Amino acid sequence: MDRFEHRDGSLRAEEVPLSAVAEAHGTPTFVYSAATFRAHLRRLREAFAPLRPQLCYSVKSCSNLAILRLAVEEGAGLDLVSGGELHRAILAGADPSRCVLAGVGKTDREIAGALEAGVGVFNIESAEELANVARIADDLGRPARAALRINPEVEPGTHRHTATGRRATKFGVDLATAVEVFRGHDRRSRLRLCGLHLHIGSPIATTAPYVDAIDRVLELRDSLRRHGLGVEVLDLGGGFAADYVTGQAPPASTYAAAIVPRLRAAVEEGLELILEPGRSIVANSGVLLVRVTYTKESGGRRFVICDAGMNALLRPSHYDAFHFIWPCEVPPALVPSRREERPALPGLEEVDVVGPLCETGDYLAIARSLPPVERGDLLAVYAAGAYGMSMASRYNSSPLPAEVLVDGSSARLVRRRETYDDLVAHELAVPSQATPLLGALR
Ligand SMILES: Cc1ncc(COP(=O)(O)O)c(C=O)c1O
């Protein structure tokens with residue numbers, strides 16, 4: 001699952017004790033394991049090898065340049081959803097022709113930038129957007145390939161915020177209108193509409209929604225064929241699950257066992273397959289390291305107040321998501337064999353693990369069984385690599401956390417912690433006479 005393990009009562013990322021990371025870089029800090037990231041990416045690639053897919057790591061899941069470099073070094077392309085992500089991709093050394101660009105609201109500036117950079121496939125979300133990308137491609141004289149995002153109307157069984165392939169979402173076009181959109185596209189345009197794209201939700205811990213969606217998309221491909229319209233590219237999106245609880249996510253081989261047989265013939269006939277995994281690669285590759293600032297009892301509940309909450313990791317309050325949390329330093333007898341809500345260990349206490357912000361929704365865990373913790377203890381919030389730092393905010397003027405990448409016994413700071421000056425760096429009304437008063441804060 002990952003390379004975060006307690007050894008002799010001390011949590012390590014690969015060979016590096018997390019207490020040493022906290023000592024060197026403070027908290028809150030996201031700590032990533034390069035070995036875990038590579039292992040998940042390689043497992044996906046091996047599982048789907050019979051379909052020779054282009055893996056496009058989904059930048060939105062964790063977009064630090066050092067993480068993107070890891071993906072690029074492994075030969076992956078990138079799945080982008082904005083001009084900002086394209087900027088990151090280029091800085092990370094990605095080959096734009098191995099990148100795909102999605103997003104329901106691509107602006108003219110983003111489209112032109114992606115055409116100039118030579119992005120491999122535009123994943124198109126509406127007929128109006130298709131016409132606009134085609135217009136800009138023709139104006140710029142830039143050829144490009146496009147895939148139409150289909151809304152296959154399957155139930156992914158995920159949180160409503162991340163179920164994207166149901167009927168009537170803002171994403172893609174209905175199956176029923178897809179043929180019409182293809183037929184309406186001007187074939188003389190430099191934008192060649194030659195693919196289908198879908199992303200049905202995330203995280204999806206069963207294979208049935210993928211199988212249903214693929215069956216529908218293959219039927220659509222047959223109807224397009226009957227109209228003389230070819231499909232060269234099929235992009236299945238992302239959404240494979242991660243282990244928030246031990247053993248929760250099917251291995252890559254299970255997804256592949258369901259998907260490969262359905263697509264093998266099409267791939268043998270020349271269909272190019274793209275996958276856009278994010279979470280399944282990077283979620284288990286990261287932990288959020290926080291320190292306990294205070295503990296308290298109130299109204300019969302025990303609270304553990306940490307130096308970060310929803311500002312660093314929004315998922316518990318935004319998606320009701322479960323993240324396993326455990327102290328970094330514990331006697332070996334108190335290291336659970338599985339990460340789950342209620343580990344079967346003696347002497348645990350039920351606590352709410354909360355952040356410092358002025359909002360009741362600012363928590364990391366509610367009613368969680370933990371060994372007794374005290375002010376000053378370090379806690380690890382597991383499986384925080386995906387949609388952690390990339391969704392972090394500065395709410396309550398909280399400087400963004402640091403990020404550290406561990407590789408074997410090296411721990412490299414890959415994003416420094418923000419300072420108070422960083423918080424106001426883009427504001428244009430800082431009175432110069434305030435500067436002397438700030439000395440003590442810096
Ligand atoms: C179009 C698209 N592709 C890929 C992904 C990545 O999903 P995941 O991180 O679950 O693999 C997302 C996530 O929102 C997405 O919207």
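Please read all numbers here as calculations on a predicted model, not as lab measurements. Counting starts at 1 for both ligands and their atoms, in listed order. These numbers come from the heavy atoms of this one structure, side chains and all, not from hydrogens, waters or symmetry mates.
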Taking the side chain from H6 and the backbone from C328, do they hold a donor-acceptor pair closer than 3.5 Å? yes
Between ligand 1 and A102, is the shortest N or O to N or O distance under 3.5 Å? no
Would you call E74-R45 a salt bridge at under 4.0 Å N-O? yes
Which atoms from ligand 1 have a heavy atom of S202 less than 4.0 Å away? 8 (P), 10 (O)
Show which atoms of ligand 1 fall inside a sub-4.0 Å distance from at least one heavy-atom site of G278. 8 (P), 9 (O), 11 (O)
Pull out every atom of ligand 1 sitting under 4.0 Å from any heavy atom of Y387, numbered as shown with elements. 6 (C), 7 (O), 8 (P), 9 (O), 13 (C)
Work out whether the distance between some heavy atom of F171 and some atom of ligand 1 is less than 4.0 Å. no
Nearest 0.5 Å please: distance from the OG1 atom of T169 over to the CZ atom of R149. 7.0 Å
Just by distance, do the side chain of E125 and the backbone of G172 share a donor-acceptor pair under 3.5 Å? yes
Can you tell which part of R279 has a heavy atom less than 4.0 Å from ligand 1: side chain, backbone, both or neither? both
Quick one: does P277 get within less than 4.0 Å of ligand 1, heavy atoms only? yes
Based purely on interatomic distance, does S58 place a nitrogen or oxygen under 3.5 Å from a nitrogen or oxygen of ligand 1? no
With ring-ring contact (aromatic ring centres under 6.0 Å, His included) as the rule and sequence neighbours excluded, what pairs involving residues 57-96 come up? F37-Y57
So, does R417 use its side chain to make a donor-acceptor pair with the main chain of H25 at under 3.5 Å? yes
Going by distance only, is there an N or O of E276 that falls short of 3.5 Å from an N or O of ligand 1? yes
Within the structure, does R149 bring an N/O atom to less than 3.5 angstrom of an N/O atom in ligand 1? no
Location of contacts on D79 toward ligand 1, heavy atoms closer than 4.0 Å: side chain
Within residues 100-125 or reaching into it, pairs that qualify as ring-ring contact (aromatic ring centres under 6.0 Å, His included) - sequence neighbours excluded: none
Between the CG atom in L80 and the CD atom in E276, the distance rounded to the nearest 0.5 Å is 9.5 Å
Within less than 4.0 angstrom of ligand 1, does G239 place any heavy atom? yes
